[in-house]
2 protein chains.
Amino acid sequence: MTTSLPLLVDDLCCAPLGLDPLDAASSAQLAQAFKALSDPVRLRLLSIIAAAPSGEVCACDLTAPVGKSQPTVSHHLKVLREAGLVTSRKHGTWVHYRAVPEQLAALRQVLAMEMRAGT
Amino acid sequence: MTTSLPLLVDDLCCAPLGLDPLDAASSAQLAQAFKALSDPVRLRLLSIIAAAPSGEVCACDLTAPVGKSQPTVSHHLKVLREAGLVTSRKHGTWVHYRAVPEQLAALRQVLAMEMRAGT
DNA sequence: TGAATGTATCGACAACTATCGAATCAACGG
DNA sequence: CCGTTGATTCGATAGTTGTCGATACATTCA
């Protein structure tokens with residue numbers, strides 16, 4: 001960019017960029033959260049959990065709907081948990097999962113980035 | 001909450017799941033969109049594009065901010081384009097990228113899944 | 001205690017991805 | 001025409017990830 005001595009070249013290429021909209025650190029952190037949603041199985045799991053009437057879903061009821069093995073589902077639930085999208089709670093032998101609305105809201109807000117474009 | 005540890009536990013593991021909140025097809029399609037956001041470089045690129053005052057950003061001005069090689073940036077822009085998050089427009093020698101607000105809005109709506117939980 | 005069941009972890013493998021250098025394509029200017 | 005510049009594509013490689021079977025852990029029940 002900015003070739004050597006642009007004489008007539010000033011208007012054509014680009015309007016000046018906006019200010020730094022997302023630094024490297026923030027983007028890395030957010031990317032991890034979005035990465036948790038980048039798998040169909042995890043999306044379905046989260047969807048099932050979030051849409052549960054009681055707000056909680058037993059892990060034992062999550063393997064069948066997604067059609068994956070129990071270790072696989074456990075792995076995906078761990079990813080969702082580490083991304084802060086769900087929380088787990090032991091209830092006797094079982095583990096109940098619950099969505100974290102605040103985290104979902106945070107991601108929603110990031111996707112509203114185009115709103116920040118002034119003028 | 002409520003009473004804890006019932007003795008004859010048989011059916012009480014889980015409250016019945018909600019209805020199918022996200023079928024396999026939808027989740028696959030959505031996962032692809034989120035996957036496009038699951039990389040820090042792509043997030044920054046989209047952020048820069050979306051926050052541009054003019055609404056468009058030349059590809060030539062996108063390599064420096066993310067600190068990646070030009071082919072790499074081109075690759076990421078292609079991913080964003082195929083995910084429907086940005087559109088490209090040739091302007092002479094340069095290519096200008098523009099965010100797609102509708103797609104961002106669609107993803108925001110998906111993240112509002114917990115709102116669909118009735119009761 | 002031992003058996004049974006629900007979860008989580010481990011080990012391994014196949015598939016995918018990010019990254020870069022080099023080559024190729026496209027468009028403009030002299 | 002060529003030469004320059006921007007953008008895409010290609011080939012290769014290192015790292016990541018989804019998946020499952022086998023295993024280990026935890027809890028409840030007999």
Side-chain angles (χ1 to χ4, degrees), chain A residues 1-14 24 27-28 31-45 49 56-64 66-83 86-97, chain B residues 4-14 24 27-28 31-32 34-45 49 56-64 66-83 86-97:
Chain A
M1 74 303 300
T2 54
T3 65
S4 56
L5 293 188
L7 291 180
L8 305 174
V9 216
D10 45 335
D11 59 328
L12 28 45
C13 173
C14 320
S27 59
Q32 188 192 5
F34 282 118
K35 186 176 295 182
L37 300 175
S38 69
D39 184 272
V41 175
R42 284 197 291 269
L43 257 188
R44 295 191 71 189
L45 288 173
I49 295 172
E56 278 187 345
V57 177
C58 176
C60 62
D61 281 325
L62 288 173
T63 59
V66 300
K68 297 297 176 182
S69 72
Q70 187 269 324
T72 297
V73 172
S74 182
H75 160 68
H76 285 307
L77 288 173
K78 181 180 182 181
V79 174
L80 287 174
R81 203 182 329 122
E82 291 177 341
V86 301
T87 57
S88 60
R89 193 171 65 93
K90 286 206 73 171
H91 196 91
T93 311
W94 303 281
V95 177
H96 288 206
Y97 283 86
Chain B
S4 54
L5 300 183
L7 294 178
L8 290 179
V9 237
D10 37 341
D11 56 342
L12 63 57
C13 168
C14 316
S27 59
Q32 188 192 6
F34 281 117
K35 185 176 293 181
L37 300 175
S38 68
D39 183 273
V41 174
R42 284 196 290 268
L43 256 189
R44 295 192 71 192
L45 288 174
I49 295 171
E56 278 187 346
V57 177
C58 175
C60 62
D61 282 324
L62 288 173
T63 60
V66 299
K68 297 296 177 184
S69 74
Q70 193 271 326
T72 297
V73 172
S74 182
H75 160 67
H76 286 305
L77 288 173
K78 181 180 181 181
V79 174
L80 288 174
R81 204 184 326 127
E82 289 176 343
V86 301
T87 56
S88 61
R89 194 171 63 91
K90 288 206 71 171
H91 195 88
T93 310
W94 302 282
V95 177
H96 288 203
Y97 283 86

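Each chain gets a letter, A, B and so on, in the order the sequences are listed, and its residues count up from 1.
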Asker: Just the rounded figure in Å: distance from C1' of D:dG18 to CZ of A:Arg44.
Answerer: 16 Å
Asker: For nucleotides 11-13 of chain C, tabulate all protein N/O to nucleotide N/O atom pairs closer than 3.5 Å, reporting atom names and distance.
Answerer:
none

Asker: Identify the pairs formed between an N or O of the protein and an N or O of nucleotides 21-24 of chain C at a distance under 3.5 Å, and give each distance.
Answerer:
none

Asker: Which nucleotides of nucleotides 25-30 of chain C have their base under 4.0 Å from a protein heavy atom (B), which only their sugar-phosphate (S), and which neither (-), written as one string 5' to 3'?
Answerer: -SSS--
Asker: Rounded to the nearest 0.5 Å, how far does SG of B:Cys58 lie from CZ of B:Arg89?
Answerer: 11.0 Å
Asker: Once rounded to the nearest 0.5 Å, what's the spacing between atom CG of A:Leu62 and atom CZ of A:Arg44?
Answerer: 11.0 Å
Asker: List in numerical order all residues of residues 33-41 of chain A for which some heavy atom is under 4.0 Å away from an atom belonging to DNA chain C.
Answerer: none
Asker: Locate the shortest heavy-atom distance separating B:Pro40 from A:Ala31; write the atom from each residue and the value.
Answerer: N-CB, 3.6 Å
Asker: Side-chain donor-acceptor pairs under 3.5 Å in residues 72-83 of chain B, sequence neighbours left out?
Answerer:
residue	atom	partner	partner atom	Å
B:Thr72	OG1	B:Ser69	OG	2.9
B:His76	ND1	B:Arg42	NH1	3.1
B:Arg81	NH2	B:Tyr97	OH	3.2

Asker: Using a heavy-atom distance cut-off of less than 4.0 Å, which residues of residues 72-83 of chain A contact DNA chain D?
Answerer: A:Thr72, A:His75, A:His76
Asker: I need the B:Gln32 CD to A:Ser38 OG distance, nearest 0.5 Å.
Answerer: 11.0 Å
Asker: Which distance, rounded to the nearest 0.5 Å, do you find between the CG of A:Asp39 and the NZ of B:Lys35?
Answerer: 7.0 Å
Asker: Could you measure the distance from the CG atom of B:Leu45 to the OG1 atom of B:Thr63? Nearest 0.5 Å is fine.
Answerer: 9.5 Å
Asker: Find the distance A:His96:NE2 to C:dG6:P and express it as a whole number of Å.
Answerer: 12 Å
Asker: Could you state the atom-to-atom distance from CZ of A:Arg89 to C1' of C:dT7 in whole Å?
Answerer: 16 Å
Asker: Which atoms form the tightest heavy-atom contact between B:Val95 and B:Ser88, and what is the distance?
Answerer: CG1-CB, 3.8 Å
Asker: Hey, is the side chain of A:Tyr97 poking within less than 4.0 Å of OP1 or OP2 on C:dT7, counting only N and O atoms?
Answerer: no
